[in-house]
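What follows is one structure encoded as structure tokens, with my remarks underneath.
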Amino acid sequence: MKTKILVTGGTGYIGSHTVVELQQAGYDVVIIDNLSNSNAAVVDGIEAITGIRPAFVEGDCTDLDTLRTLFREHPGIKGIINFAASKAVGESVQKPLLYYRNNLVTLINLLTLMPEFDVKGVVFSSSCTVYGEPDRNPIDETAPIKPATSPYGNTKQISEEIIRDYVASGAPIKSILLRYFNPVGAHPSALIGELPLGVPQNLVPYLTQAAAGIRPELTVFGDDYNTPDGSCIRDYIDVVDLAKAHVIAMERMLDGKDTEPVEVFNLGTGRGLSVLELISAFERATGVKVPHKIGPRRAGDIEKIWADPKRANEVLGWKAEADIEDTMRNAWAWQQHVTKH
Ligand code: WQD
């Protein structure tokens, strides 16, 4: 009998890649997604890759009855991976209540139902955003949590606190918090990837659209930072490597290998890359030029952040394997797939 896992936001970018890895690790997956930032065709892409069609429920996790019905109709769910959240930093400044309601009520509903349906563990999709602008890099899990610089980042900080308080109250559940750095790339099959609706906010989807001629050119938001080439530095982590970490985290909880009721891991490569270095990596990997120009800084951007992944490597037993040029080739193949369909 396969262990059943609920993936909220499972038709989203990281969610869909995680569903693929869960299925390939032998898990039975149920997806719930309200399709506010993805589309149902992603389920076809997942099935095309794994040969297994995951159960898919179109629904909103902010509605408790919808979720309770799902648990009743899909009995035996043992774990949850919670991706369902709004995640655009800029939009969160414009629409804070949407972000607080969506991201926090979703989590509270899931936590409420876990004991009711004997669900053991929840993997929570957190973010390096909780660290703000680090005092030093690379950054490990002991780094101080700084005041959030956006409602989006604040929802991640508050969510981590909600989980800790709920577990501390004696709730019969456990959790692993995964703090992502910058997820990039696409599945090597080019059948699933990042599907930004409208103008991409994140660097790589904008970069591949510029390379494809969908956007006239990429604007590099500032080259006057205190970094070697003046552009911001980030830790770009391949989305498939990231997805694999979720399976390992879920297995760790279900197999009782976790050593604390709430564990935290930074998920990054440990390598910082500047925006200009990433553009060069893409051009070397694909032979395709990225039309770009230098523009003004973007408000709210931090200058540099990259992970110290030692704890995830040694305790979780996970390591980012992908080479950035392979990742850029996968991103480009996905862009070409999307452009054609
Ligand atoms: C990366 C770098 C930009 C676009 C955010 C969230 C994080 C996570 C990922 C959700 C920065 C530069 C970007 C462009 C550019 N969100 N850039 N031109 O801001 O590091 O992280 O998205 O999970 O929580 O904080 O990612 O891809 O927007 O930017 O020069 O058109 O690329 O200035 O230095 P960011 P990003």
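For ligands, and for the atoms within them, numbers begin at 1 and follow the listed sequence. Note that the structure is predicted; figures quoted are calculated from it, not measured.
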statement: If you scan protein heavy atoms around atom 21 (O) of ligand 1, the nearest is N182 ND2, 3.7 Å

query: For atom 18 (N) of ligand 1, what is the nearest protein heavy atom, given as residue, atom name and distance?
result: T219 O, 2.8 Å

query: Residues in ring pair (Phe, Tyr, Trp, His ring centres under 6.0 Å) with W334, at least two apart?
result: H337

task: Please indicate whether any nitrogen or oxygen in L203 is less than 3.5 Å from any nitrogen or oxygen in ligand 1.
output: yes

query: So which bit of T129 gets within less than 4.0 Å of ligand 1, heavy atoms only: side chain, backbone, both or neither?
result: side chain

task: Hey, could you give me each pair passing ring pair (Phe, Tyr, Trp, His ring centres under 6.0 Å) that has a residue in residues 224-279? Not counting sequence neighbours.
output: F83-H246, Y180-H246

query: Given the side-chain rings of F282 and W332, with only the six-membered ring counted for Trp, is the space between their centroids under 6.0 Å?
result: yes

message: Could you tell me, atom by atom, which parts of ligand 1 come under 4.0 Å of a heavy atom of L218?
response: 14 (C), 18 (N), 31 (O)

task: Would you mind checking which non-hydrogen protein atom is closest to atom 5 (C) of ligand 1, with the distance to 0.1 Å?
output: N202 ND2, 3.9 Å

query: Is it the side chain, the backbone, both or neither of L207 that has a heavy atom closer than 4.0 Å to ligand 1?
result: neither

D301-ligand 1 polar pair, N/O distance under 3.5 Å: yes

query: Do side-chain atoms of T155 reach the backbone of Y152 as a donor and acceptor pair under 3.5 angstrom?
result: yes

Atom 28 (O) of ligand 1: the protein heavy-atom neighbour that sits closest, reported with distance to 0.1 Å: R298 NH2, 2.9 Å

task: Show your reasoning for whether side chain to side chain donor-acceptor pair (under 3.5 Å) applies to Y100 and N154.
output: CA-CA 9 Å; Y100 286 115; N154 206 20; 3.0 Å; yes

- prompt: Quick one: which ligand 1 atoms are inside 4.0 Å of a heavy atom on V89?
  reply: 6 (C), 25 (O)

field: Main-chain N/O of E91 paired with Q201 side-chain donor or acceptor, under 3.5 Å
entry: no

message: Could you check whether any heavy atom of Y236 sits closer than 4.0 Å to an atom of ligand 1, since that is the contact criterion I want to use?
response: yes

task: Could you tell me the residue and atom name of the protein heavy atom closest to atom 12 (C) of ligand 1, and the distance to it rounded to 0.1 Å?
output: V275 CG2, 3.9 Å

- prompt: What residue among K174, K120, R252 forms salt bridge (Lys or Arg N to Asp or Glu O under 4.0 Å) with D258?
  reply: K174

task: Find all atoms of ligand 1 within a distance of less than 4.0 Å from any non-hydrogen atom belonging to Q201, and give their numbers and elements.
output: 4 (C), 28 (O)

query: Taking atom types as modelled, is there a side-chain donor on Y27 or E251 under 3.5 Å from an acceptor on the other?
result: yes

Shortest protein contact, atom 34 (O) of ligand 1 (heavy atom only): C232 CB, 3.0 Å

task: Go through the steps to decide whether D223 and S231 satisfy the test side chain to side chain donor-acceptor pair (under 3.5 Å), and finish with yes or no.
output: CA-CA 4 Å; D223 69 345; S231 64; over 6 Å; no

query: To which protein heavy atom is atom 30 (O) of ligand 1 closest, and what is the distance rounded to 0.1 Å?
result: F221 N, 2.9 Å

- prompt: When you check the gap from the basic side-chain N to the acidic O, do R179 and E160 get nearer than 4.0 Å?
  reply: yes

field: Sub-4.0 Å atoms of ligand 1 with respect to non-hydrogen atoms of V220
entry: 30 (O)

query: Does ligand 1 have any atom that is closer than 4.0 Å to a heavy atom of Y152?
result: yes

- request: Determine, using the 4.5 Å side-chain heavy-atom cutoff (strictly less than), whether L242 and V247 are members of one ILVMFWY cluster.
  value: yes

- request: With heavy atoms under 4.0 Å as the rule, classify the contact between R234 and ligand 1 as side chain, backbone, both or neither.
  value: side chain

